[in-house]
Number of protein chains: 2
Amino acid sequence: MTRIDLQIAKAGCSACPIRHRAICASCEPTELDQLSEIKSYRTWRAGETILMEGANLPFVGSVVSGCATLTRSMEDGRVQMVGLLLPSDFVGRHDRDTAAYEVVAATDVTFCLFRRDEFRHLLSTTPHLMERMLQMSLDELDAARDWMILLGRKTAREKVATLLANILRRAASAGHPLRAELPLTRDAMASYLGLTIETVSRQVTALRKEGIIEMQGHRGITCADLSALLTAAGDDEDGATVA
Amino acid sequence: MTRIDLQIAKAGCSACPIRHRAICASCEPTELDQLSEIKSYRTWRAGETILMEGANLPFVGSVVSGCATLTRSMEDGRVQMVGLLLPSDFVGRHDRDTAAYEVVAATDVTFCLFRRDEFRHLLSTTPHLMERMLQMSLDELDAARDWMILLGRKTAREKVATLLANILRRAASAGHPLRAELPLTRDAMASYLGLTIETVSRQVTALRKEGIIEMQGHRGITCADLSALLTAAGDDEDGATVA
DNA sequence: CGTGCACTTGATCTAAGTCAACCCCAGTGG
DNA sequence: CCACTGGGGTTGACTTAGATCAAGTGCACG
């Protein structure tokens, strides 16, 4: 257990940064206690594989901090990212005993984990939990379908702009509105967008040269005019399309 | 009400063709009665719009027979299909009052509909129903993510082969294994696959000329060797990837 | 002070898109 | 009965966005 883990474990659920957005969001105090009893924290370093595709799945859980990626791959090595896990996102199916995707830590990432069989039992006896689980699954399904229009119909420029806008938006909810540290390498971005690393690089450069974004090193990004970025993304200013 | 509707309504749930695969699959007889009380049937003709994106959503429900499509579109007219609704598939979010996608009848299609507010209430008081709903949502999420690898990484040939294989597989469960009537026009196929109509046409022709499939007119398809088709799809013989 | 890794940039290639013609067949109406 | 029309589908010629291949750059780390 790292230092971070201990901190959170001591503080308990009430001080948890994802308390009101995660799977536990609509739990009563007593239900929270039950969840608390079967939870444990674990942290992975950036780049570490958390789960292999097809591997045994003893745990399910939520991202507390950091970022992880969900990927599927074909036999010949082609890879497609199918999900980006940010704080409060849930991973793992309670009713499946193997993982359907590979899960990799994109940054250092800490999970709040539940033993799968115990979680399954709690789920079937706690309607609040089941309801929240359903709601989150449906939200994820909508997000996945939004991503399908990006993969199927958007240009490389629009893809990159969409991803950057999404990251800025999610980062904004936890700090300064127009500045973020990219949790993904160019490689991971390419995998998410259905592009090559070179194309991602070129499009980021193009957006920078046009003054739509500014970069601080390879990872830091600032956007003075989000609506310009959203226009480049091919979305309405109001458009959803959350990662 | 059409003749088909009356037939099913008279027969009741026990004779329903999707009884054991739909949202009601794990309901007890008494629960089924409750569902039965709030259900109604309705049929749309091929090509009719069932729901517009953003429209008010008074109903949720299951496809009983036929096929409908779920699409999202961008302001400039680009369209991406994000789901194919076949018998037993569920549509609509109980907790949202507007439709997130456009729903169009691909063939004549009959739905078993529930008033949304009544369904929501039943859901919250019937754990079996909630559990089944969650399971189906998670399955759909997996399917959506499988579709993402197709959209992001597969070639036109692989995309077309994958779609044909999926249709043949789902049709097979209700009849002859290697023969099906395509429920989609070339246009709808293109929309689903993130391709143009011309590319779909060329790839279908190519698969036919190579003897991997045979066509009876534009819609009838026969496949003597499914594993050859799956190889063209870039999947393992055993691979899942269900539409 | 290399060595390696993440990223960028440039030159070239190609799969799929675009544009345009055409086929086939089912209705429709003269 | 047949000409006309229109929608779905096919095919061909050409274009192009993004992939591929191949050098670089610049920074972090032993």
Side-chain angles (χ1 to χ4, degrees), chain A residues 45-47 69 74 76-80 104 106-107 150-164 181-210 213-221 232 234, chain B residues 45-48 69 74 76-80 104-107 150-164 181-210 213-221 232 234:
Chain A
R45 294 256 149 236
T69 66
M74 296 173 63
D76 63 6
R78 279 175 281 177
V79 173
Q80 175 65 47
V104 176
T107 62
L150 175 144
L151 290 174
R153 297 298 173 189
K154 285 193 175 180
T155 64
R157 175 189 171 85
E158 290 169 334
K159 286 179 175 183
V160 169
T162 304
L163 177 58
L164 296 181
E181 208 66 19
L182 296 179
L184 302 178
T185 62
R186 296 287 182 275
D187 208 13
M189 288 174 67
S191 163
Y192 202 8
L193 298 171
L195 296 173
T196 58
I197 186 173
E198 294 95 330
T199 298
V200 171
S201 181
R202 280 186 247 271
Q203 297 301 334
V204 170
T205 302
L207 289 170
R208 184 170 50 72
K209 286 193 175 161
E210 289 171 41
I213 58 169
E214 275 173 61
M215 300 296 296
Q216 292 80 44
H218 292 317
R219 295 297 193 98
I221 176 173
Chain B
R45 295 255 149 239
E48 286 180 338
T69 65
M74 296 172 63
D76 64 5
R78 280 175 280 176
V79 173
Q80 175 65 48
V104 176
T107 63
L150 175 142
L151 290 173
R153 298 297 174 189
K154 285 194 174 179
T155 64
R157 177 189 170 85
E158 289 169 334
K159 286 179 175 183
V160 169
T162 304
L163 177 58
L164 297 181
E181 208 65 20
L182 296 179
L184 301 178
T185 62
R186 296 287 183 275
D187 208 15
M189 290 174 66
S191 164
Y192 202 8
L193 299 171
L195 296 173
T196 59
I197 186 172
E198 293 95 330
T199 300
V200 171
S201 182
R202 281 186 246 270
Q203 296 302 333
V204 170
T205 303
L207 290 169
R208 184 170 50 72
K209 286 194 173 160
E210 290 170 40
I213 57 169
E214 275 174 61
M215 300 297 295
Q216 294 80 44
H218 293 316
R219 296 296 195 99
I221 176 172

(request) Kindly say if A:Arg219 contacts the phosphate of C:dC7, meaning a side-chain N or O under 4.0 Å from OP1 or OP2. (result) yes

(request) Compare side-chain N and O positions of B:Thr196 against OP1 and OP2 of C:dA16 and report whether any pair is under 4.0 Å apart. (result) no

Can you check whether [Y]'s main-chain N or O pairs, donor with acceptor, with [X]'s side chain at less than 3.5 Å?
| X | Y | result |
| --- | --- | --- |
| A:Arg78 | B:Arg153 | yes |
| B:Thr199 | B:Leu195 | no |
| B:Asp187 | B:Met189 | no |
| A:Gln80 | A:Ser191 | yes |
| A:Lys159 | A:Leu193 | yes |
| B:Ser201 | B:Ile197 | no |

[X] has an atom [atom1]; how far is it from atom [atom2] of [N], in whole Å?
| X | N | atom1 | atom2 | value |
| --- | --- | --- | --- | --- |
| A:Arg78 | C:dA15 | CZ | P | 13 Å |
| B:Leu182 | D:dG8 | CG | P | 15 Å |
| A:Leu195 | D:dT20 | CG | P | 11 Å |
| A:Asp187 | C:dC7 | CG | P | 8 Å |
| A:Met189 | C:dT8 | CE | P | 9 Å |
| B:Met215 | C:dC24 | CE | C1' | 15 Å |
| B:Leu184 | D:dG9 | CG | C1' | 15 Å |
| A:Leu193 | D:dA19 | CG | C1' | 15 Å |

(message) If you assign each of A:Arg153 and A:His218 to its closest nucleotide in DNA chain C, which residue comes earlier from the 5' end?
(response) A:His218

(request) For nucleotides 25-30 of chain D, just jot down a letter per nucleotide in 5' to 3' order: B, S or -, based on protein non-hydrogen atoms under 4.0 Å. (result) ------

(request) Could you tell me whether the side chain of A:Glu181 reaches within less than 4.5 Å of the side chain of A:Thr107, counting heavy atoms only? (result) no

(request) Using a 4.5 Å cut-off on heavy atoms from C-beta on, say whether the side chain of A:Lys154 contacts that of B:Met74. (result) yes

(request) Search all heavy atoms of B:Ala106 against all heavy atoms of B:Ala46 and return the closest pair with its distance. (result) O-CB, 3.7 Å

(message) Tell me the closest heavy-atom pair linking A:Met215 and A:Leu182, and the distance in Å.
(response) CE-CD1, 4.3 Å

(message) Quick check on contacts: within residues 197-206 of chain B, what sits under 4.0 Å from DNA chain D by heavy-atom distance?
(response) B:Glu198, B:Ser201, B:Arg202, B:Thr205

(request) Using a 4.0 Å heavy-atom cut-off across all strands, classify B:Gly194 as base, sugar-phosphate, or nothing. (result) sugar-phosphate

(request) Name the nucleic acid region contacted by B:Gly47, choosing base, sugar-phosphate or nothing; use a 4.0 angstrom heavy-atom cut-off, strictly under. (result) nothing

(message) Let me test you: for the helix from C:dC1-D:dG30 to C:dG30-D:dC1, what is the angle between the axes at its two ends (five pairs each), rounded to 10 degrees?
(response) 20°

(message) My understanding is that only one of B:Ile213, B:Leu207, B:Val204 makes a side-chain contact (heavy atoms from CB on, under 4.5 Å) with B:Ile221; could you say which?
(response) B:Ile213

(message) Can you tell me how far apart CD (A:Glu158) and CG (A:Leu150) are? Round to the nearest 0.5 Å.
(response) 8.5 Å

